[in-house]
There are 2 protein chains.
Amino acid sequence: MKYIEKLRKSGLRPTKQRLQICEVLFDTEKTFHFTINDLVNKIQKQLNNKISLATVYNTVHAFEKKGYLKQIPINSNQTYFDTNISDHHHFYDLKEEKLIDLENSDVGPINILKKIEGKKIKSIEVLVKLED
Amino acid sequence: MKYIEKLRKSGLRPTKQRLQICEVLFDTEKTFHFTINDLVNKIQKQLNNKISLATVYNTVHAFEKKGYLKQIPINSNQTYFDTNISDHHHFYDLKEEKLIDLENSDVGPINILKKIEGKKIKSIEVLVKLED
DNA sequence: AATCTACTTTATAACCATTCTAAATAAGTG
DNA sequence: CACTTATTTAGAATGGTTATAAAGTAGATT
Ligand SMILES: [Mn+2]
Ligand SMILES: [Mn+2]
Ligand SMILES: [Zn+2]
Ligand SMILES: [Zn+2]
């Protein structure tokens, strides 16, 4: 398994559950956006296998902390995550309630002119809301 | 009261509670960011007067719908609102967990190159996360 | 002014995504 | 294997938000 080493390097034991979640998250053609609930359903369907909700939460948070997932800043009743960890932005289709990737190259360079004393910029995220 | 007409124009009856919330939100030198909980506390302290939590929620949502408040897209356990309804952006200080306004002029012009068929842009929001 | 009706406020319950708990299980180490 | 520590798990708890439904109020009508 290609994920065993990846997990070990991060100080995470390569358990059956984590490896399965890796498969679902990272063995895909394209990256995608998901909620915890989406992921639980995907695991059920794709692996015919139940992983407890607590473990899914734990694993997603562990992966996020290690930088294998990104949380998307959006107001929703659920938290959205992204398997695309590249520096990029999002459209949010208000009607469909769906996120669409917006590559950095699709947004002109962003230059923040204001500086805050003693603080440095960690990330810049653009959210473009779409309506019909 | 200057808010009576404003509310009537919006189709909202100028009740005692709504007028008081207007005072707290809009009778200020500067605009500010708040959570529902912040607002409840502010009302208590500033008006020596309790307004039920449900009414605060109802009123904030009504004001948001009418465009007198903006919701700020950020992942938090609480929803943040903004009395600054101008087109602007935010710093988010991860340590202090505080929002700081970033005027449009403090961010270079943002040009979204990608187009989505049949959708138009409703808003563009930039969130700049700050660390030490 | 009294009456009527739709809107609003309120306390409280319900909701539900997320986190916590603590016991069972599994992984790594020697 | 024996031992330690990390992980999984079901279920309980948490907490912000929303729903409910009864009481109160605003504005319109007579
Ligand atoms: Mn997280
Ligand atoms: Mn709202
Ligand atoms: Zn994305
Ligand atoms: Zn602001």
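Chain identifiers are assigned alphabetically (A, B, ...) following the order of the sequence lines, protein sequences preceding nucleic acid strands; residue numbering begins at 1 within each chain.
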Show your working on side chain to side chain donor-acceptor pair (under 3.5 Å) between A:D38 and A:T35 and close with a plain yes or no. CA-CA 5 Å; A:D38 291 339; A:T35 64; 3.2 Å; yes
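A cation-pi arrangement is absent between B:K2 and B:F26, since the terminal nitrogen or guanidinium carbon is not both under 6.0 Å from the aromatic centre and inside a 45° cone about the axis.
Crowding of A:K114 atom NZ: a count of heavy atoms from other residues, nucleotides or ligands under 6.0 Å exceeding 12. When the shell of 6.0 Å around NZ of B:K122 is examined, it contains 12 or fewer heavy atoms from other residues, nucleotides or ligands.
Considering only side-chain N and O atoms, B:T35 lies nowhere under 4.0 angstrom from the phosphate OP1 or OP2 of D:dG16. OP1 or OP2 of D:dT18 lies within a sub-4.0 Å distance of a side-chain N or O belonging to B:H61. Between A:Q17 and D:dT9, a side-chain N or O to OP1/OP2 separation shorter than 4.0 Å is present.
Rounded to whole Å, atom C1' of C:dT8 lies 13 Å from atom CG of B:L19. Spacing between atom CZ of B:F34 and atom P of D:dG16 amounts to 16 Å, rounded to whole angstrom units. Distance CG (A:N75) to C1' (C:dA17): 15 Å, rounded to an integer number of Å. Here the C1' atom of nucleotide D:dT7 and the CD1 atom of A:I21 are 12 Å apart, to the nearest Å. Rounded to whole Å, atom C1' of D:dG15 lies 11 Å from atom CG of B:N37. Across the protein-nucleic acid pair, B:N77 atom CG and D:dA13 atom P stand 21 Å apart, rounded to whole Å. If you take CZ of A:R18 and P of D:dT9, they are 11 Å apart, rounded to a whole angstrom. When rounded to the nearest whole Å, the span between CD of B:Q20 and P of C:dT9 equals 11 Å.
Using a 4.0 Å cut-off between a side-chain N of Lys or Arg and a carboxylate O of Asp or Glu, B:D132 and A:K119 qualify as a salt bridge.
For the contact set between residues 40-59 of chain B and DNA chain C, defined by any heavy atom under 4.0 Å, the members are B:K50, B:I51, B:S52, B:A54, B:T55, B:N58.
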Below 3.5 Å between N/O atoms, which protein atoms pair up with nucleotides 21-26 of chain D? Just atom names and distances, please.
residue : atom : partner : partner atom : Å
D:dA26  : N3   : B:R13   : NH1          : 3.3

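Hydrophobic clustering of Ile, Leu, Val, Met, Phe, Trp and Tyr side chains at less than 4.5 Å, counting indirect connections, keeps A:I121 apart from B:L127. B:I124 and B:I74 fall into different hydrophobic clusters, defined by Ile, Leu, Val, Met, Phe, Trp and Tyr side-chain heavy atoms under 4.5 Å apart, directly or through other members.
Test A:T83, A:L99, A:N84 against A:H33 for side chain to side chain contact (heavy atoms under 4.5 Å, CB included) and you get one pass: A:L99. Remark: of the listed residues A:D106, A:T31, A:D82, A:D82 is the sole one forming a side-chain hydrogen bond (donor to acceptor under 3.5 Å, both in side chains) with A:H88.
The bend of the helix from C:dA1-D:dT30 to C:dG30-D:dC1, defined by the angle between the axes of its first five and last five pairs, stands at 30° to the nearest 10°.
Side-chain contact check for A:N37 and A:Q78: no donor-acceptor pair (N or O, by modelled atom type) lies under 3.5 Å.
Within the 4.5 Å cutoff, no side-chain heavy atoms of B:L25 are placed close to those of B:F81.
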